[in-house]
**Q** 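Could you have a look at this structure, given as structure tokens, before my questions?
Counting starts at 1 for both ligands and their atoms, following the listed order.
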Amino acid sequence: MIRRSFSPRIVVGVLFFLLTAFAIPNQAVEAQLQQITTPEEFFGFQMGADRTIARWDRMVEYYNLLQQQSPRIHVVEMGPSTLGNPFLALFISAPDNLARLEELRQINAQLSDPRGIPEDRIRSLVAAGKVVINQSMSLHATEIGGSLMAVELAYDLASRNDEEALRILDNVIFTMIPSLNPDGQIMVTDWYRETVGTEFEGASYPSLYHIYTGHDNNRDAFMTNTIESVYQATLMFREWIPQAYIDHHQMGSYSARYYVPPYAEPIRPFSDPLVWREMSWYGAHIAYKEEEAGLSGIINSAIYGGWGHFGFHWITPFHNIAGMLTEAASSRLATPIYIHPDELRGGRRQMPAHEPQTTFPNPWPGGWWRLRDIVERQKVSAWATLDIAARNKETVLWNAYLKAKRQTERGASGDRAAYIIPAEQHDSRTMLVLIEKLLGQGIEVQQSDLGFTHEDKVYGPGTFVVSMAQPKMGLVRWLLGRTFYPQNSYTIDQLGNTIRPYDMAGDVFAEFMGVHVDEVGTQVAAPLSIVSGPMNPVGTVSAGAFGYRLDGRLNHSFKAVNMLFDEGVDVRRVHTAVGNLVPGDFLVGSDADADLEEVAIQTGVDFEALSTDATSSSFNVQRLRVGMYQRYYGGNMDEGWTRWLLEHYDFPYTTLMDAAITAGDLANDYDVIILPADRVSAMTGEGGETESGPYATGPESYPPEYRSGFGQAGVDALRAFVEHGGTLLTFAEAGDLPIEKFGLPLTNEVANKPGKEFWCPGSTLRMKFDNTHPLAYGMPEEGLGTFLARNHAYGIESTPHSHRIQIVAEFPERDLLQSGWLIGEELIAEKAAMVSAEFGEGRIVMIGFRAQHRAQTHGTFKLVFNALVSGPQSN
Ligand SMILES: [Zn+2]
């Protein structure tokens, strides 16, 4: 049984900071409105003017100046971005409101979770409260318009004194994230300035514009791996629950000029229906005000379906927030683009042609399209959202109450009453990561001190319970409950072709994380206490006669081992079960010269007393020298996420660009080379086109130093590396490289299959792991893996050399689908999901699915980690 104490040492820094920030009254409350510096005066040009972009550091200066000049602006620096730039939240409202922000926050919190509050009290809270609106800008940093629009929007709200502006300020607390990706804002601005005036002006950014995630930074709102996601989630899901949220983006250049809410079909179930009605309501007002302003090319209810990924704008409906998106047609960064009328076309989902329709009555006629056009449309939409909320404050707040109340009632009366997360888990430490993630969403989690029996199952002390009788029940359902993507006319066309989901077909993060959850139909009656977090378990250190054991099932044991490697400590690993030790367990001698207590504190891993001599059942495990390939053309997000993962578990690695690969002699410097998921042509540079970002273009649009591809020389060097004893580790479609170029006798059984035959667009599938194989040490015998479109399932061609190929993971015979969408399971049933193939003196390890997808699939991280430490054969 595993129970853990929780360390009070680490305070939630962000929350603490925000609360203290709110306690500081705005010094200028009583001050008269003074002259407000205009953006043009400060920056020297209009926001969105051709061929100029304001840089984030200057924007920060401007916002601080506005705070000094206007009692309506309160700047909160939430902390450093990933690369250390200031991450800001602006609170914009009437001075009277800003002076009592904490009081208004508490009113908002009660309306957002009204459990136990009588209705007459709710009515007085609605009267006293203010609407909370959040809008965020330029998360995708190349979609630069939003961060520029925010400057003008803040200025307008600080300086305008007309009735409309004053009504907004009086009735709304506007929390604005002027850049949801400050690092990217700087990267893109500097890149643009480098290329402007050259033949490469306006070329898209060549690398990931968030250092780890690139465009995937909006697939992170539920796992909150990046600090930027943590800030936004803290603000929107814990401190303030806004009634509405808009994330401002840009899209391709050749369809509508501006998409505004609501979404097209399909939508996801399990939110309160009022949320979807609200999106239509805000969206209609936005579109109406755009037309009033004479701005053409506005479309709503098209292109973007309501069932997307769990980025902020698509997860917010399940937080009872009207979570919305705008998408402006892109110019080439700040360089205008000319579009002929016959280049204009329709869009996905309910926009068959670029012709007038109910939701698109005023097509843009074509011509020059400028960044300024984007900024103007965005600003109208941002303002209109504030305007309609201000005009209807009491309705909006009453409905905030209704949404929360009705969702709680649905959760209490539905056939899914609660999710129980048993204390006994395969990887109990990762379970605590899941609990921490739930708390980060503002979900209520309870815990049993004593254990209990429920629906004929015994649960041990420390078991967690997540009741559906809470306002965020819809989110609980999606994150913890098994789900299936719908198959209907919105997802399969009239010819029977599958229509790809916007992103994944499922977001069940318990499944991603390998955490077992029981769905139960009745409420748990046992005494439970509410968990407050943070979940920072402190591991214990107990010396035995033969030293210590670290549980090989825990992902965090690898972090602990890496910390021990840093100290030069000898670590052994069990290869044969003995006593209570199983293959994969790590052993540390009693003479280890390291601060084990500190390792236990930092990782939450126990150093358990080792009382048996397991020397003959174990091998000396070594840290391997790891290199990972990185390319240009927008970067490879899987590479970025893998870097994130390695760094968070303290695996050292070296980034290998083309020159390092083609130089050869790789086996001298590396034991393992990782090829993150990627097409062969993108790695070799032989095919040209890549698929990064909304305006991906061919290699020739980049300056020569930003073109990449290791070509045949790189292929030869990688082959020589393996032949000389190296391990090549490929993720998903990168496995095509050794198959195509090295002649491995493996086939991808689902290569080029049409969707009617095989379809698995982001689902969790059941797999079997050979946990006696060193590459699957610490894995359960059966578990779940995340399988995306274009991932691989391997078949083995019959040759006399099949003994050189080992199957590490395979799909079972039937019933493969756990959550998501799967067509054609017979094509992958009993095929290999992960193989290890001997090749020369080395080996090629191919993981056909996404074992480390977006650093979210904790349940299969060990398949990667095991490949980065030595196995028994190298001893
Ligand atoms: Zn975007």
**Q** Considering just N/O/S atoms, say which atom of E143 is closest to the Zn ion (ligand 1).
**A** OE1
**Q** Taking side chain to side chain donor-acceptor pair (under 3.5 Å) as the definition, give me every residue that meets it alongside E291, ordered by chain and number, with sequence neighbours left out.
**A** N362
**Q** Do you know which of P262, S271, P261 makes side-chain contact (heavy atoms from CB on, under 4.5 Å) with W276?
**A** S271
**Q** Restricting to side chain to side chain donor-acceptor pair (under 3.5 Å), what partner residues turn up for R58, sequence neighbours left out?
**A** E61
**Q** Kindly give the atom name of the N, O or S atom of H249 closest to the Zn ion (ligand 1).
**A** ND1
**Q** For the Zn ion (ligand 1), which N, O or S atom of H140 is at the shortest distance?
**A** ND1
**Q** Side chains of E239 and T234: donor-acceptor distance under 3.5 Å anywhere?
**A** no
